[in-house]
Amino acid sequence: MLLKTFESRRSGWEFLAVLLACAVGCGPAEGLPEETGGEEWGSTAQKIIVGNGLSLNGLSLNGLSLNGLSLNGLSLNGLSTSGFNDWFQGDATVRNEVMKYVVACAVPSGETRSYTSGGTTYTWNGVLGLAPGWANGSAATTAELQVVSACMAAHANKFGINVTISLLGLNGAGNTITYTTQELADYSVKEACFFGNLFDGSTGVYGGNDGLSLTSSQSSPRVCGLAGSPNASQCTPMTYVGSCATYCTRDATNTFYTSCSYNGVTYRPVTTRMQPADFYSCGDGVCQATESCGTGTTTKSCAADCGAC
């Protein structure tokens, strides 16, 4: 059985900006050709690796048209519309990234969705299968849109550093995302919760802390689940809500959150965990992207690793 862990590669939100700016019909179609360009996604005997390509810049809240991608379904007919073609060709490079994450979150492993234009075929690999009905060509349910949105938000990474995370929760049908005890042991640090809706044109996404607490000399390459509100340069436009426990309900085993309620709306969230080795410490001899020069030994001023300014 494959574990679902994700690799964080570049920075956190650029594809979401384009995703949310898609105000016309758009949806991927099935196909077998190999993806042209982009990051390679693959699997090992123990985990599925998904390369993140999100950037924090330029996110808008225009939403995806409910007459487009979410109602057409992620099936063969989804890409047969002129609306999708017009949207995709508006910025093929970035929108290729958008569809990569939509399909990875929504469609199960072993399936692909493809789109061909001008002799170029883009193929996107399914990974998690969080939206089974939508992936099979039905209109997306609200729960499916919410959990896919949460999955995409969980890929935010400001610093462009390779980090794998474990993603837990319920899929759009209310079934538990498969995990193993070994996965929980390897990814033993409870990190964050993510929830929201990127498809309704107004909600956006939220992130909260699931108990992760760092010392003054420690830092994380993933800032959007840290305790204390991140500043605007870190996670905007994601709204940081503080403790997940304030808004979210855990499952009976206390492993993940099954729902989160915020501003009177209940969402289908995802819960993330990290490996202990993926945190940095001032004084380890490496000037990490999360550290800066200075005179002190905290992550904000790590002269031990980054030198004096």
Side-chain angles (χ1 to χ4, degrees), residues 1-7 15-16 18-20 22 25-44 47-54 64-66 68-81 84 87-88 95-116 121-155 165-179 194 197-199 268-270:
M1 183 176 296
L2 295 176
L3 309 183
K4 338 85 26 254
T5 58
F6 294 86
E7 181 179 355
F15 83 96
L16 293 184
V18 182
L19 171 64
L20 295 176
C22 174
C26 50
E30 291 183 334
L32 298 178
E34 195 72 20
E35 179 180 347
T36 301
E39 297 172 6
E40 180 181 352
W41 295 7
S43 63
T44 69
K47 60 188 177 184
I48 296 174
I49 299 298
V50 178
N52 287 348
L54 311 182
L64 285 165
S65 171
L66 291 182
L69 177 60
S70 59
L71 289 184
N72 287 341
L74 293 171
S75 65
L76 279 170
N77 294 329
L79 280 185
S80 63
T81 65
F84 177 84
W87 169 77
F88 192 89
R95 291 171 190 185
N96 175 39
E97 291 294 312
V98 172
M99 297 311 303
K100 185 182 296 185
Y101 290 95
V102 171
V103 174
C105 291
V107 176
S109 177
E111 296 186 21
T112 61
R113 301 295 185 267
S114 295
Y115 162 72
T116 300
T121 296
Y122 303 86
T123 298
W124 305 295
N125 299 313
V127 179
L128 282 178
L130 298 183
W134 192 20
N136 286 329
S138 299
T141 65
T142 298
E144 287 180 325
L145 297 179
Q146 289 177 349
V147 73
V148 170
S149 297
C151 172
M152 295 168 76
H155 287 72
I165 62 172
S166 167
L167 189 147
L168 305 167
L170 302 177
N171 68 12
N175 300 318
T176 301
I177 302 169
T178 303
Y179 66 90
F194 298 93
N197 192 336
L198 295 168
F199 298 85
R268 181 71 50 85
V270 297

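Side chains included, hydrogens not; waters and symmetry mates left out as well; all remaining heavy atoms used.
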Can you name the closest pair of heavy atoms from Thr121 and Ser114 and give their distance? CG2-CB, 4.3 Å
Can you measure from CZ (Arg113) to CH2 (Trp124) and round to the nearest 0.5 angstrom? 11.0 Å
Ignoring hydrogens, what is the shortest heavy-atom contact between Leu128 and Cys105? Give both atom names and the distance. CB-O, 3.7 Å
From Tyr179 atom OH to Leu167 atom CG, the distance as rounded to the nearest 0.5 Å: 13.0 Å
Could you state the interatomic distance from CG (Leu198) to CE (Met152), rounded to the nearest 0.5 Å? 6.0 Å
Between Leu170 and Thr176, is there a side-chain heavy-atom distance shorter than 4.5 Å? yes
Partner of Cys151 under side chain to side chain contact (heavy atoms under 4.5 Å, CB included), chosen from Asn171, Leu130, Val102: Leu130
Report the C-alpha separation of Thr123 and Thr112 in whole Å, then their side-chain angles, then the decisive distance to 0.1 Å, and conclude whether the side-chain contact (heavy atoms from CB on, under 4.5 Å) test is met. CA-CA 6 Å; Thr123 298; Thr112 61; 3.6 Å; yes
Okay, side chain of Glu111, backbone of Pro108: is any donor-acceptor separation there less than 3.5 Å? no
What distance separates Asn197 CG from Arg268 CZ, expressed to the nearest 0.5 Å? 12.5 Å
Non-hydrogen atoms of Ala106 and Val148 that approach each other most closely: CB-CG2, 3.9 Å
Taken to the nearest 0.5 Å, the spacing of Thr142 OG1 from Phe199 CZ works out to 11.5 Å
Got a donor-acceptor contact below 3.5 angstrom from the Glu144 side chain to the Trp134 backbone? yes
